[in-house]
Structure formats: C-alpha cells, structure tokens
There are 2 protein chains.
Amino acid sequence: MAQFINSREATVTEAIDGMIQTSGGALARLDGYPHIRVVLRTDWDRSKVALVSGGGSGHEPAHAGFVGQGMLTAAVCGDVFASPSVDAVLAGVLAVTGPAGCLLIVKNYTGDRLNFGLAAERARAFGLNVNMVIVDDDIALPNLPQPRGVAGTLFVHKIAGAMAESGASLADVTAAAERVIAGTRSIGMSLDTCTVPGSPKEDRIGAGKAELGLGIHGEAGVEQVDYHNAAQAMAAVTAKLAAVMDDTPHVVLLNNLGGATELEMSILANDLVKSAIGRHLKLIVGPAAMMTSLDMRGFSVSVFPLAAEDHAWLSAPCAPSAWPGCKAITPVRVLDLPDGLRPIRPIPSEHKATAEFLTRCCQILIDAEADLNALDAKSGDGDTGSTLAGASRALIGALDRLPLADHTQLYRAIGQELTQTMGGSSGVLLAIFFTAAGDAASSGLSMVAALQEGLARMQRIGGAQLGDRTMVDALKPALDELQAKGIAEAAIVARAGAEHTATIRHAKAGRASYINADQLEGHVDPGAEAVARLFERLAS
Amino acid sequence: MAQFINSREATVTEAIDGMIQTSGGALARLDGYPHIRVVLRTDWDRSKVALVSGGGSGHEPAHAGFVGQGMLTAAVCGDVFASPSVDAVLAGVLAVTGPAGCLLIVKNYTGDRLNFGLAAERARAFGLNVNMVIVDDDIALPNLPQPRGVAGTLFVHKIAGAMAESGASLADVTAAAERVIAGTRSIGMSLDTCTVPGSPKEDRIGAGKAELGLGIHGEAGVEQVDYHNAAQAMAAVTAKLAAVMDDTPHVVLLNNLGGATELEMSILANDLVKSAIGRHLKLIVGPAAMMTSLDMRGFSVSVFPLAAEDHAWLSAPCAPSAWPGCKAITPVRVLDLPDGLRPIRPIPSEHKATAEFLTRCCQILIDAEADLNALDAKSGDGDTGSTLAGASRALIGALDRLPLADHTQLYRAIGQELTQTMGGSSGVLLAIFFTAAGDAASSGLSMVAALQEGLARMQRIGGAQLGDRTMVDALKPALDELQAKGIAEAAIVARAGAEHTATIRHAKAGRASYINADQLEGHVDPGAEAVARLFERLAS
C-alpha cells in the first residue's frame, strides 16, 4: 500500500513542519533536526508546571497534536514506533521548565521509560524540579507486571494539563496524574494490522477474525477472536473492562486506532452506550482518533472512575483542536415530526372544461407511449413512454380528488400526484415544475406565466439549459411562444426544438449525458418529443 | 475487509444515534426512522436563518458533524452515497424554519438537487421562505457543465453559518453562499478506493498509481497518474488549482478523504505550503477529515479567494468539534536549543585511591567478560559480558578527565561516560543509576546511601522489582548490606541474590521476560552474576 510520504527518514520531520505551519502560530519546534524533534507551545512563559510527553511517532494526533494551552507544553517525537533519544527529551525539558517544575508523562515502554528517565535525571542534575509518571493502562494481559501505556494516557494529559494551567503545584499535578493512572483501564480491538511507512503491510489477521487486546505499535493482539459485527466486538471489549470496573460513575474514552471510519466509530459509540458497562458511563471523550496506530482499522476503550474534581478538569477549555471535548452521555433525544409533512390535500372541486383538457393532455401522452419508449431505447432504458403514460393514467384516475375549479391550487395538486405516481428523476422534475408553477400562480401570475416560472425552477434544480438535449429544448420555447402568441405557434416551436435535439451530440444533463455521442446523433430526445407531441395534438 | 457495522440497513441510523448520545445533549433527531434521518441542534429557536444541508452518508463528519451553533441547523442524512428522500428533507426544513427563512446547501448531484429541490418547493407551498444553493466546486473535469460538489462545501457551511448566527438575512446569507460557491475550486487524489459498508472493495487502482480528480462516492477519478511520493502528488493537485486561481490571497482547505493517516496529512500540509500555489495561501482549514469518502486513502484541496469579510466568518467560533478551525499559515518557527543540552564536563581532578578503586572494579568486570557472555547466551544474545567489559575499558581510559577528588560530582560524571560508551537498555539503566546517585550525593547523602537512592530511581524507571530476575536481585541486597555492615557481608548477599535468580522461571522485566521459562531455569541472570562477581572480588 502506497502512502503519502516522501521518504521514510523525513516522515516525522516533514509531518512536524506541516503541523507547525498550519497551527496558526500556536506551535514551534526546537532546532536540532533530525535528531531532536520537539514541538512546543509558543505562548509558554515557564510560569506554571510544564507537561512534557512524547514517544514514538505513528500515534498522531498524539502527542504533538495535544500541545497547547490546557494540555501539553511540549511533545518529544521519536521515529515511527521508536522512542526519542535522551538528548531529545532533555532538550524538551530544558526548553520549557521554569521554577514551577516539569512533569514527564511517559507510556510504559522500555525505550520511553529509559530515555525519558535518564533525561529526567540529567535535568535534575541541572537543578530542575522534574517528576515522571508512567502510564500503564492496558489490561490486555491481566497479570503482566509491565502493562503497556495506550490511549488512557489522554486522561492524564487532559487532567494534569488543566491542573497545571490553573496554577497547581508540581506535587499536586503529579499526585493527580498518578491517581488517574492508577484508575485508568484500556483495551483495544482491531480488524487489520497497520502499515508502517516505507514497510510492507503484515497480513496477520485472517478473514472473519479480529485481534483483541492489542498494543499501538502493530504488535499482535493477545488473542484472535471471531469477528461478527460491531456490537459483538464492543461486547468483547467491554466484558474485559467490566471485570476490572467498580460500580461508580466512569468517564470513557472511545479512541479510533486510525483506520476506522467515522461512520463505524459512531456505530461503536452507540454499541458502547448500550453495552454491559454503559450504565456506569457518564462522560465520554470521543469517538475520535487520539492515540492511533497509524492506519489500523480498530478502536480502543479507556475507562476511569470519575472523582468529583475530574469533571471540571476534563471539561475545561483547552487549545489543542485534537482534543474532541468531554461530553455527557445522554439518551437519544427524538423530536416529533413537524406538522405538514403529509401535505394537506386540497379540497376537490369540479370544473368540466378543466377536467376535459387535462384528460386530453393525458390521453395524448398515453397514445405516445410506444413511440416514446422506442426513442428512449436509443439513449436510455426505453421507459420514457411508459413512465409518462403511467403518470397520465394515474392523473386521470385522480381527477375527482383534484381542485379542478381552483386553478392556483391545481398545479400544486398535480405536483403532489406526480410525486406519488411517477418514479425516477423525471417524476421529481415534473413535480417540481408543477409545484413551483402552483407557487407562482398563487402569488398572482397568469397560468402560463406560472408554468414559465415552474420551468425556470425545474431548470435551476435539475441543471438543464437550452441545448442540453432534454425536454427543456422543446418546453421552454413552447411556453414562451404560448405566452406571447398562442398554442399554434407554441406547437411549431416545440417541434422545432425537439427536432434540434437530434443534432446535439453531447448531452449535458440527464441520463443521456453518460451516452456516447455517436449513439445520440439523429435521434430526438424522448422528453422533447413528448412535449412537441403534446403541443401539436393540443393545437390540432 | 470487515468493518465495524452491524447491518447494512442499520448503518446510518445507528451511527446517528451514536453521534447524538455522545454530543453532550447538543444534538437531537427527528422521529421517523428509518426513512427520515434528520439531525438537529437542540439549542435552536428559529429566530435566525436556518441552514439545512445533507445528502448521502459516508462523508462523515459531513454533514451531521457540522450541525451546531455557527454552522448547520440540521443535516438530512441519506443512505451511504444515496440522497435522502423529499420527505426527509422537507421534514428537516419544516422542523427548523422560522420567519427568518431557510437556506438549503446542496452538493451538485442529481439526486440531491431533485430531492432537496422538490422539498424546497413543497416547503414554499407552506409559505416558508426557502432558498437553495448548489455547490459545484470540483474542477476534475474542467468543462463539465455540472461539476460535482465536494469538500469546498465546508466553506459554504462555515461562512453562511457564521453569518446566519450573526443574524444576517436570508438574502444576505444566500448571496454570500453563492459568492463562496462561485469562487471555490477543489480537486482530490487517492491511492485507493473506498469500502462501501456491506460491499466488497473494488480494486481499481494498481500499484504505483493514483487517481486524480475523483469524486467522493467511490467513482473512478478522471485520470490515473503515476504515484511517486507525497510532494509529487501535491504538485499534481496544486497544478490543477493553479490553472484556475488568480494572484489574490486565498484560504485553503486540506481534506482527508478518510483513510490517510494524520502523519501523511501533515506531510501533505507541508508539501502544500511549499507548492506552486503556496505563496497565495494565507489561511488554512485542516488538515482534517471533513468531507470523506468512507475510508478512501486520499486527500482533496479546496481553495477560495479571500474577501475582506471572510476571515472573520471563517474564524468565528462555532460549536461543531468537527470543524478544525481556520488558521493563518505561518513559517516554521525554530527555537534555539536550550543551553546545557551538552552536559558541562566536570573539572577533572586527581585522587589516587579513587582511581585505583575504580580501576579495580573495571578490571573485575573485564575479567568476567567471557563468563558473563556465556551466561547471557542462555537467555539473551550473549553480549552482557562484552557490554560491561567495553564500558569498563572506556571508563579506565576516561579516568584522567573524571573529577576523582570530588565524590559528589564523580557519580554524575560516570553516568555521563556510560551514556556515551555503553549501548542498549543496560547502558541507559546504569547511567540512570549513577546520575541519580550523583543527584542524591550532591544533596548530602553518604556515598553508599546515594547509590541506594540511585538504585531506587533505576528500579522505578526500569520497572524491575526484587524477584524479577535482573541485576537488582543481587545489587539491592548488596547495597543494603554494604550500608548496614560492610563489603564482606554485601558480597555474601549479592551471591545469594544472584544464585536465587537461577530459580526464577518467569522473568518479569528486561529482555529475559520474553524467553520461555524452561530456557531460564538453572541459569543465573548475567547482570546479577556481574554484581555478585564484583562484590566478591572487592571483598576478597
């Protein structure tokens, strides 16, 4: 699978530069590429406790995406899935740490522990006040003495970040971070492996399988399980969490591991709320991609028992747009359908001349059925005649419920009938034609002028212009001439317009626009033919 | 490719419910599932112009993700890649439209035009003031009379949304929307097709190829081009845009079509700023997934010439967290590396006894090289002896630059030397041990107590506890006994601790934790053996 990179070596530095240039000036980096890749807030004055996190890249938006007011002060970025060096971490710490001190937030991987740990020692040797916490929220392996740090790290970033922003001391921020770490539990599931830039993709997970309990570096999950659907996947994940949760209210973080679509993540959110742990979940962060594993089509769920103060820290405003907010989980609010969705039927009325005229129009189209179908077969699926004839028959059958005596309502009523009886785009277009004409008639236009207005609306919505090889090529000149001179002249220009369509090689709207030009030439558009036929018969 | 869905039919309704439940009460939906899927703001009082958009699903976060204060009032969601029905659109319009009227923002697809168009007509028949604009920003086919509507739609949502929120009239909002549409140009590129839920994935794009000028419904791009790297891909896309851009300042929107990683999108952002059109780009929205095509690994770029008032509308706060903000494009700000990154070398000093003691320690480890390598070969890669011997030789060679007479500085200096001369985790761990010991010594602890403190730090950072089958099993009792009684007693407990490691079947830290228990049993841990050997020889 190709990827949008330029070279494996430049992947992280180019990504950081792209991020900084599009941060609106909120972010900067330290000098020292390519070894030192540290992203920092530009609005930092060292007056508060600094928070530094980081680790291997490939987890975007973590960690640089969470640098900003109310979250991290700096992120130290390693290569993809590789810890940054001691020097890089030390550079970050030295760059941001003032008298209030610095907290390092490190995920529990040997490389990160060691490099951040030694950097902390070296920073202390400079007299800086540096604490370090290690996040180990993964419960994939229940008895592992060294659980991995995964997406639950975001709880630490946000709560410690909000506290630090509020001016809390390093001791208090560290204690809160340790409390959050002690309470946070995470587990993930994936349907596929991830693609490391510049490397071939490992094809480890077979069809019908998912990995449960996986890390964020492409390592294999603890077990492969059968995969059926989203609800069952969420049930498997939440069953693991339920085993380690108490009955208190929790905040949950629903993390996209990178490759799941937003549609899938919303479905998973729905399944999460309905799951066995759903009743304990009061607040949610996400669903969103926060701690990813490149393009892995998977998700993780992190839970943390909510202490009284945490709601405020989690909800406090922060600058990084990668933080999706922390929101109350609420039931689906369903609003009643508005009145008027079912159109009010006009009061039927009788008007003999109108009934006869409508019937005559319909009969003309019914008589043309076979001819129009044959024409349509040249450029479409051969059903124009049947579609129009069917709608015409239905309209004749509906005459006794139409407001025949109320001409301003009649157009709208015909539009309604066509909506229900005539399928496809042409049905909607003719419904728009008549409904818009009714709209225009009710505001005082003459019946023909109202039809002209209806046609204008239909053209605007359907997008067909004169010369696009549609019924418009016959109908527009016909209505114009009908308004100006009369039915006889209208019939003449309708026929001329229809015949012209046979010379148009490139249809620009409607279905015929997908047809080869050679197939079209010499054949009149069936919609235009129907219009010409109607006007000619009415004029005769 | 399996996906996190439950059924093709329930995909959209479940996703909407998931979204609403995690919106913190900001969103609701209309009754009428499954046919009517309308997501609305709950804080809407109909006092301002309503904005209704929507279309087929599969473009998340568009459109429901952009419902909220300052953007859309409601989103009408169709099936994946299929227009919603007239009734669904009408329900949305009727539900939100007050005296100020409603603007429908529709992407230029026949189904959407017709269904939204007829719904608008029917709403007007109820006396509602409804306008409709059609977004046609795609320039993939330069002469197509009906260009598609793609990600540029977001400019319309944001600018019209901010204006409507400010109380602008329907006429003014509509005029602004039409102005934005007239100026917006978009084009996309993808490395892969998308996976429609419940359908097999089409494998259309060969290795080494990319599609340029594609829509957002999985339809084929206008052309397949050779794919080399991100910079060349961005150059191809921006070349198309350059041909239709003038020299005025523009805002650009960098959209993830769904399947590109954030790492890739940041690299593309970097390439965009460096591209031929980069100098015209003043503001950027993204990079972010805004108008996706499910999981398509691709991106699109939309540009719009910036009028004076647009900066404020684009930057105005809005509720939907899917809107990534609109930020100034700025150069990469590079901050100087902090002082002290290169540790200040302590002033060398002479101290004969210390030099002799250090040399003796090093020589003991050098002499143990072969034995330790042999032990390590049982559980590791057989280099523990060489690693320690190499570091010992280097330390002997460094004696004349060490502060031998300043014992509080000496530990730190040894830590620095080990950082540079001893590779791997063990080098970092021993560097932490000595650096932390130096830190402790400088705050007044005795030399042995400082080593105990150094060991505690090393354990905390490395994660090894007593009984985990590491050097700690010998070193911790030895230091405790050294502090309490003396070197002879220390040697005895070191040896006992080392021998005990041979009985530990499950290593819990370090590399041996990955080794089969049967391979470990009966073999002393080489690190613990090194410690025991050192104390025994020093005591003898």
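Letters A, B, ... are given to chains in the order of the sequence lines, protein chains preceding strands, and every chain is numbered from 1.
- Contact of B:Ala233 with chain A is made through the side chain alone, with heavy-atom distances under 4.5 Å.
- The OG1 atom of B:Thr22 sits 9.5 Å away from the CG atom of A:Leu272 when rounded to the nearest 0.5 Å.
- The candidate from A:Ala95, A:Ser321, A:Gly32, A:Ala91 with the greatest count of non-hydrogen atom pairs under 4.5 Å with chain B is A:Ala91.
- Side chain of B:Asn6 to main chain of A:Asn229: no donor-acceptor pair is present (N/O by atom type, distance under 3.5 Å, no hydrogens or angles).
- With chain B as the partner, the residue from A:Leu429, A:Leu40, A:Thr42, A:Val86 showing the most heavy-atom pairs under 4.5 Å is A:Thr42.
- Chain B forms more heavy-atom pairs under 4.5 Å with one residue of A:Met19, A:Arg457, A:His228, A:Met265 than with any other, namely A:Arg457.
- Of all the listed residues (A:Val334, A:Leu294, A:Ile205, A:Val12), the one sharing the greatest number of non-hydrogen pairs under 4.5 Å with chain B is A:Val334.
- Within the 4.5 angstrom heavy-atom criterion, only side-chain atoms of B:Ile36, from C-beta onward, approach chain A.
- How far CZ of A:Arg124 is from OG of B:Ser442: 12.0 Å, rounded to the nearest 0.5 Å.
- Contacts between B:Thr261 and chain A at a heavy-atom distance below 4.5 Å involve the side chain alone, from C-beta outward.
- Both the backbone and the side chain of B:Leu90 come within less than 4.5 Å of a heavy atom of chain A.
- With a 4.5 angstrom heavy-atom cutoff, A:Val285 does not touch chain B via any of its atoms.
- Taking the side chain as every heavy atom from C-beta outward, B:Arg297 and A:Gln3 approach each other to under 4.5 Å.
- Taken from CZ in A:Arg29 to CG in B:Leu335, the straight-line distance is 9.5 Å, to the nearest 0.5 Å.
- Only the side chain of B:Ile284 comes within less than 4.5 Å of a heavy atom in chain A; its backbone stays farther off.
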Side chain to side chain contact (heavy atoms under 4.5 Å, CB included) between B:Thr11 and A:Glu264, worked out: CA-CA 8 Å; B:Thr11 295; A:Glu264 293 171 275; over 6 Å; no

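- For a residue to count as touching a neighbouring chain, one of its non-hydrogen atoms must lie under 4.5 Å from one of that chain's; by this rule B:Met132 touches chain A with backbone and side chain alike.
- Closest approach of A:Pro197 to B:Leu263, counting heavy atoms only: CG-CD2, 4.3 Å.
- For B:Asp271, the part lying near chain A is the side chain, with the backbone staying farther off; criterion is any non-hydrogen pair under 4.5 Å.
- Residue contact with chain A, scored on non-hydrogen atoms closer than 4.5 Å, is absent for B:Val93.
- Closest approach of B:Pro338 and A:Leu30 over heavy atoms only: CD-CD1, 4.1 Å.
- Taking chain A as the reference chain and counting heavy-atom pairs below 4.5 Å, the highest number among B:Val38, B:Leu118, B:Thr292 is found for B:Leu118.
- Although no hydrogens or angles enter the test, the distance criterion places a donor-acceptor pair under 3.5 Å between the side chain of A:Arg113 and the main chain of B:Arg460.
- Taking both residues in full, the closest heavy atoms of A:Gly117 and B:Ile432 are given as C-CD1, 4.0 Å, listed atom of the first, atom of the second, then distance.
- With a threshold of 4.5 angstrom between heavy atoms, B:Pro324 approaches chain A through N, CA, C or O but not through any side-chain atom.
- Neither the backbone nor the side chain of B:Leu283 comes within less than 4.5 Å of any heavy atom in chain A.
- Interface residue B:Thr330: backbone and side-chain heavy atoms are both found under 4.5 Å from chain A.
- Heavy atoms only, all atoms of each residue included: A:Ala269 and B:Gly18 are closest at CB-O, 4.1 Å.
- B:Ser266 OG to A:Ile5 CD1: the interatomic distance, rounded to the nearest 0.5 Å, is 13.5 Å.
- Residue contact with chain A, scored on non-hydrogen atoms closer than 4.5 Å, involves the side chain of B:Leu268 exclusively.
- Between the CZ atom in B:Phe434 and the CD atom in A:Glu121 there is a gap of 13.0 Å [rounded to 0.5 Å].
- Each of A:Gln21, A:Met234, A:Glu14 has some count of heavy-atom pairs under 4.5 Å with chain B, and the biggest count is that of A:Gln21.
- The greatest number of non-hydrogen atom pairs below 4.5 Å with chain A, out of B:Ala125, B:Ala123, B:Ala436, is found for B:Ala125.
- Taking B:Lys274, B:Arg412, B:Met458 one by one and counting their heavy-atom pairs under 4.5 Å with chain A, the maximum is reached by B:Arg412.
- For chain A, the nearby part of B:Thr419 is the side chain; its heavy atoms alone come within less than 4.5 Å.
- Interface residue B:Asp439: only side-chain heavy atoms are found under 4.5 Å from chain A.
- Your options are B:Ala231, B:Gly58, B:Ala230, and the one with the most heavy-atom pairs under 4.5 Å with chain A is B:Ala230.
- Top candidate by heavy-atom pairs under 4.5 Å with chain B, chosen from A:Gly325, A:Ser23, A:Ala260, A:Pro61, is A:Pro61.
- Your options are B:Thr13, B:Ile20, B:Leu254, B:Asp17, and the one with the most heavy-atom pairs under 4.5 Å with chain A is B:Asp17.
- A distance of 11.0 Å separates CD1 in A:Ile267 from CZ in B:Phe4, rounded to the nearest 0.5 Å.
- With chain A as partner, the option from B:Leu27, B:Ile329, B:Asp336 having the largest number of non-hydrogen pairs under 4.5 angstrom is B:Ile329.
- When side chains are defined from C-beta on, A:Leu94 does not count as touching B:Asp339, because their heavy atoms never get closer than 4.5 Å.
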